[in-house]
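Below you'll find the structure, written out as structure tokens, and then a few comments.
Values below: all heavy atoms of this structure, side chains included; hydrogens, waters and symmetry mates excluded. All figures in this text were calculated on a predicted structure; none of them were measured in a lab.
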Amino acid sequence: MIQSNNPFPPERLLQLDDVNVHFPMREGLVKAVNGVSYHINRGEVLGIVGESGSGKSVTARSIMRLQPKQALDAGGSIRFRRKSGQEVLISSEDRQSSTMRDLRGNEIGMIFQEPMTALSPVHTIGTQIMRTVMLHRNVSKADARARAIELLTKVQMPRPNDIVDRYPHHLSGGMRQRAMIALALACDPTLLIADEPTTALDVTTEAQILHLLKSLQQELGMAIVFITHNFGVVADIADRVAVMYLGRVVETGTVDEIFYEPKHPYTQALLRSIPKLGGQKARRLKTIAGSVPDPFNVPDGCSFHPRCMRAVGGVCNVTAPPEVRFPSGQMSRCHFAEEFRSEAAE
Amino acid sequence: MTVTSEKAMPMQDDTLISVRGVKKYFPVHGGWLRKKIGEVKAVDDITFDIKKGETFGLVGESGSGKSSIARLILRAYDLTDGEILFRRANGSIVDITSLGDREMREIRREMQMIFQDPYSSLNPRMTILDLVGEPLTIHGVGSPSEIEDRVAELLRLVGLRPEYVARYPHAFSGGQRQRIGIARALALNPSFIAADEAVSALDVSVAAQNINLLQDLQEQLGLTYLFITHDLGMVEHISDRIGVMYLGRLMEVGPTEEMFSKPLHPYTEALLAAVPQPDPRGNRERKRVALKGEIADAMNIPTGCPFHPRCPYADAKCRAEVPALRSVAGGRQVRCHYAESLDLTGVAAQ
């Protein structure tokens, strides 16, 4: 693995440089993650948005070194700063390595979309939390149980003394997600990876979980990588946003930049296609032509060009666009990013 | 029986479907002999009308009974009580709850359903010709060559190329499969379509395309839609009128704009407040009070108003008395004791 030469400043918690994850399939090679770079500072919430197949989950799983077995690591570096201040090159670690086993559940927590499949159905909520605590901390069973109840209280679980001895199937979807969060927070991680944690929930429960995550994030000062396809959720929770399309990050910026001054045509088009509650009632929704291409036939040049309203023949379909960086730190992977400087998405 | 029963009020001329006092209770079995130990009141005393040519939206959390209503209208379930009147294409009015299987089969030509999951709702072993042509074959409409022509016409109508008829569903994307489902639903020229979470499984950019298609088809063919979803932004965009459901009951019914800008029921207010908006500045300014607790267990519905344990305005009367769904000004209906005195916040049009 090549060590990236990009600097790793002290406030940085996690940095991905040109990460590639490929899947060899009968039909050809799928470049699910195709040169992804993003970073997250301590205590920051990074929202990752994209449609299905954009590679947002595969990237997150390779941070945990939990990518599917057939996945090929095809280069790039993932660096993480430990609580001790020491820097780890995660990308050179193996799934089973002692470093990874020490990081997972201890310094990096993860929550998933479907808590029913992520939690063990044959162990009580308490047992699952206690195991994590006892694995990483040298504590007695009684102390671990006390910690489990403390965590359940922290995630505002009703009746924590009772729930601790319950199985996941006793709980509702929202309560399971709270249990999942309690488990992820068991060892005070500095980084929480949340992969579509509210997608399966009703809006009222979703609002509760988002509120809880925000308050826990402020209380514990952890950083969150929040993966979602829902722009409303991102607007609510993220400090910065990375927009992904077909295995690439096409735009990054602060949440306000992404929503009010998007500089990539894909971000602009996506924002226009969402019916906004209480918005001006237009008869037709604005759409993006076509659909996400299948991963075996990724278009040449800019992979968004066949669907892009602003695509210019001879440029966009030939050359892959460079990363265009703006003074504010906003980045857009578009040949014409400079031209959107003053334009705001209506 | 093909005439309206005497007890019913006559249907208004502009009404296509009238759902009246409909109940659906599912028995719950348990214990050693699998005896009936209780009931789930999935749908309880629902009354509303769907007008000809309109889109009626049904919203609510999971378990609120919104999908059950679509299935009751299409008689996929038999109901426990109530009646559902339907105006047929020939002008006669039938109570579909009293029809036998043979008569119901005739009626189903006029009412169809579009499903949520475009992956599991199409048989993977059938070609598009067989899938879209199946309703025609079942109802014995046309010869094989006529069916082929009709299928080609339907595919064009939903924006798919007619050359694709020999392909199988796996060759299509999610959005295209959803269009195949729409073509299949349209095969017999229905007047009414129930769309149950029809775009929820699709990506944002594709969902918008299919919503536009549904609206175009409605205009061209004069269709009436029952649009069921949990996505409030989508339902606001597509619906003329909306019904809000909670624990098997309708809490509020009214025209979309009026309801969303000035809700009359505290639950509608809470739902609107919970939606995260794609507007970070707005979210920071908007004070969003998260609704407390969770939807109650359908086997143990709270006494009085079913929403009272979560309602910030509830008092002793709400805990004791079940409010009735009553009509208020502006063609709106609401099931709340204090609808007139509460001053609730909606989402302001910008």
Pairs of heavy atoms under 4.5 Å with chain A: top-ranked of B/I211, B/V206, B/D216, B/D231: B/D216
B/H230 versus A/V203: any side-chain heavy-atom pair under 4.5 Å? no
Counting C-beta onward and ignoring hydrogens, is there a side-chain heavy-atom pair between A/R307 and B/S205 closer than 4.5 Å? yes
Which distance, rounded to the nearest 0.5 Å, do you find between the CE of B/M234 and the CG of A/L277? 12.0 Å
Separation between OG1 of A/T287 and CD of B/Q209, rounded to the nearest 0.5 Å: 5.0 Å
Ignoring hydrogens and geometry, is there a side-chain-to-backbone donor-acceptor pair from B/Q277 to A/K276 under 3.5 Å? no
Cut-off 4.5 Å, heavy atoms of chain A, and the answer for B/L232 is both
Bottom line for B/S173: the part with an atom under 4.5 Å from chain A's heavy atoms is side chain
When the 4.5 angstrom heavy-atom criterion is applied to B/I295 and chain A, the contacting part is neither
Residue part contacting chain B, namely of A/A289, when any heavy atom lies under 4.5 Å: backbone
Test your reading of the model: is there a side-chain donor-acceptor pair from B/N212 to the backbone of A/R284, 3.5 Å cut-off? no
Using non-hydrogen atoms and a 4.5 Å limit, figure out which bit of A/E206 sits close to chain B: side chain, backbone, both or neither. side chain
